[in-house]
Visitor: 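This is the structure I want to talk about, given as structure tokens.
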Amino acid sequence: MDNHQPPQLKSTTTTTTAISPPLLRHILTLDATISLYLHTVTKPLIPRPLLRLLELIADFRFFFPVTLSLFLATPPSSLLRPHLLLPLLLCSLLDLLFIALLKSLARRPRPPYAKHDEYNAVVSVDNFSFPSGHSSRVCFIASIFTFSRTWIVDSFADLSHPRGAMLVHRWVGGDEALAVMLLNGVVWFWALSTLISRVALGRHYVLDVFVGGCFGYLEALLTLHILKSQLL
């Protein structure tokens with residue numbers, strides 16, 4: 001049966017299952033099989049420049065400086081600073097530490113069937129595959145946007161942001177809640193698209209993406225809990 005196994009998958013399962021318990025070995029083999037299938041199916045359907053753009057936007061080296069710049073440019077009186085931008089900054093740092101630790105412990109190789117020479121790791125441990133740092137990042141971003149939607153609505157309604165109020169009035173008839181709901185929808189669509197892109201690009205296996213996304217959600221909860229206790 002091994003003779004019919006794709007060479008890419010064969011090399012992957014050989015390295016990841018040789019030292020794994022039987023149950024974990026079966027899970028990793030199934031994960032590798034599904035991931036290779038999805039990568040093969042989506043490769044001709046999704047333009048590679050789009051996948052690379054999603055990868056760039058969700059990269060720590062792009063997201064953190066942009067968020068920090070927005071934080072510094074936002075007036076101190078704005079509700080966005082303590083309830084959205086500060087959680088995003090803190091969670092970015094926590095995510096970088098947690099994912100690096102997990103990668104160093106798991107040390108799962110990335111899928112061998114993708115071009116990894118075009119991807120420069122932030123740190124050396126980022127060359128490992130499990131879990132996906134991009135997936136955790138986009139999920140904590142989307143989760144924080146969702147958990148902070150009340151404060152975002154209030155910031156839109158704040159008269160000290162005339163440009164934001166003008167946009168809300170022009171596009172959604174002055175309904176700040178609707179504007180934030182649409183914004184949340186866009187952020188989650190971007191997050192889910194990025195999750196798919198990690199497998200489509202061959203950067204990660206499905207399990208890497210799933211676990212990374214779950215960690216991102218938990219990191220958002222932890223970050224908001226820490227900041228809430230500090231503000232009380």
Side-chain angles (χ1 to χ4, degrees), residues 53-100 131-198 209-232:
L53 178 62
L54 290 170
E55 181 175 66
L56 172 64
I57 294 175
D59 193 283
F60 176 85
R61 290 162 292 189
F62 176 83
F63 171 76
F64 188 82
V66 170
T67 306
L68 180 60
S69 299
L70 291 174
F71 177 82
L72 296 176
T74 302
S77 59
S78 172
L79 295 172
L80 291 179
R81 288 193 79 172
H83 297 291
L84 178 64
L85 297 175
L86 181 59
L88 288 175
L89 289 173
L90 177 58
C91 201
S92 294
L93 298 177
L94 290 177
D95 178 70
L96 198 65
L97 293 175
F98 288 157
I99 297 301
S132 167
H134 279 68
S135 300
S136 64
R137 190 169 301 112
V138 297
C139 283
F140 83 63
I141 293 171
S143 298
I144 288 177
F145 264 88
T146 298
F147 297 143
S148 303
R149 59 185 178 274
T150 301
W151 304 107
I152 301 176
V153 170
D154 291 342
S155 69
F156 271 131
D158 192 338
L159 295 179
S160 65
H161 298 81
R163 292 184 180 179
M166 181 181 66
L167 290 175
V168 171
H169 180 76
R170 176 178 296 179
W171 294 107
V172 291
D175 190 337
E176 293 87 0
L178 177 60
V180 173
M181 183 178 69
L182 293 175
L183 176 62
N184 267 327
V186 171
V187 172
W188 274 108
F189 178 79
W190 163 72
L192 294 176
S193 299
T194 303
L195 296 181
I196 295 172
S197 75
R198 304 314 289 156
V209 171
F210 175 76
V211 174
C214 291
F215 262 96
Y217 176 79
L218 294 176
E219 288 167 348
L221 290 177
L222 175 62
T223 300
L224 292 174
H225 176 74
I226 293 174
L227 290 177
K228 182 179 179 181
S229 64
Q230 293 296 319
L231 293 173
L232 292 179

Visitor: Do you know which two heavy atoms are closest between V187 and A142, and how far apart they sit?
Guide: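 Looks like CG1-CA, 3.6 Å.
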Visitor: Set out, in order, the CA-CA distance, both residues' side-chain angles and the distance that settles side-chain contact (heavy atoms from CB on, under 4.5 Å) for F98 and L222, then state yes or no.
Guide: CA-CA 12 Å; F98 288 157; L222 175 62; 4.1 Å; yes
Visitor: Please assess L183 against F145 for the test side-chain contact (heavy atoms from CB on, under 4.5 Å), listing each intermediate value before the final yes or no.
Guide: CA-CA 9 Å; L183 176 62; F145 264 88; 3.9 Å; yes
Visitor: Taking T74 for its side chain and L70 for its backbone only, find out whether a donor-acceptor pair lies under 3.5 Å.
Guide: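 Side chain of T74 to backbone of L70: a pair is present.
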Visitor: Quick check: does any side chain N or O of T223 sit under 3.5 Å from a backbone N or O of A220, one acting as donor and the other as acceptor?
Guide: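 The answer is no, because no donor-acceptor pair under 3.5 Å joins these two groups.
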Visitor: Kindly give the heavy-atom pair with the smallest separation between H134 and E55, and that separation in Å.
Guide: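 H134 and E55 have their closest heavy atoms at NE2-O, 3.0 Å.
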Visitor: Provide the closest heavy-atom pair for P82 versus L227 in the form atom of the first, atom of the second, distance.
Guide: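 Between these two residues, the closest heavy atoms are O-CD1, 4.5 Å.
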Visitor: What side-chain donor-acceptor pairs closer than 3.5 Å can you find for residues 212-219, not counting sequence neighbours?
Guide:
none

Visitor: At what distance, to the nearest 0.5 angstrom, does CG of D95 lie from CG of L90?
Guide: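 One gets 11.0 Å once the value is rounded to the nearest 0.5 Å.
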Visitor: Report yes or no: is the cationic atom of R137 (NZ for Lys, CZ for Arg) under 6.0 Å from the centre of the six-membered ring of F60, at an angle within 45° of the ring normal?
Guide: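 Not satisfied by the 6.0 Å and 45° rule.
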Visitor: Side chains of C91 and I144: does their closest heavy-atom pair fall under 4.5 Å?
Guide: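 A side-chain contact under 4.5 Å exists here.
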Visitor: Can you find a heavy atom in the side chain of L221 that is under 4.5 Å from one in the side chain of S143?
Guide: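 In short, these two side chains do not touch, never coming nearer than 4.5 Å.
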Visitor: Indicate yes or no: at least one non-hydrogen side-chain atom of M181 is less than 4.5 angstrom from one of R149.
Guide: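 They are not in contact (no side-chain heavy atoms under 4.5 Å apart), so the answer is no.
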Visitor: Can you run down the side-chain hydrogen bond (donor to acceptor under 3.5 Å, both in side chains) pairs that involve residues 180-195, sequence neighbours left out, and say none if there aren't any?
Guide: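 Applying side-chain hydrogen bond (donor to acceptor under 3.5 Å, both in side chains) to every pair that reaches into residues 180-195, excluding sequence neighbours, yields T146-W188.
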Visitor: Please step through side-chain contact (heavy atoms from CB on, under 4.5 Å) for the pair L93 and F64, ending with a clear verdict.
Guide: CA-CA 9 Å; L93 298 177; F64 188 82; 3.9 Å; yes
Visitor: To check you understand the geometry: which heavy-atom pair defines the closest contact between L88 and I141, and what is its length?
Guide: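 Closest approach of L88 to I141: CD2-CA, 3.9 Å.
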Visitor: Let's go through C139 and L195 carefully: what are the C-alpha distance in whole Å and the side-chain angles of both, what is the deciding distance for side-chain contact (heavy atoms from CB on, under 4.5 Å) to 0.1 Å, and is it a yes or a no?
Guide: CA-CA 9 Å; C139 283; L195 296 181; 4.1 Å; yes
Visitor: For F71, is the CZ atom crowded, meaning more than 12 foreign heavy atoms sit under 6.0 Å from it?
Guide: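 Yes, enclosed.
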Visitor: Between S132 and S135, what is the shortest heavy-atom contact and its length?
Guide: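 In this case the closest contact between S132 and S135 is OG-OG, 2.8 Å.
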Visitor: When you compare the side chain of D59 with that of F63, does any pair of heavy atoms fall below 4.5 Å?
Guide: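 Answer no - side chains too far apart.
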Visitor: Just how far is it from atom CG of L94 to atom OG of S136, taken to the nearest 0.5 Å?
Guide: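 Answer for the CG-OG pair, L94 versus S136, is 11.0 Å.
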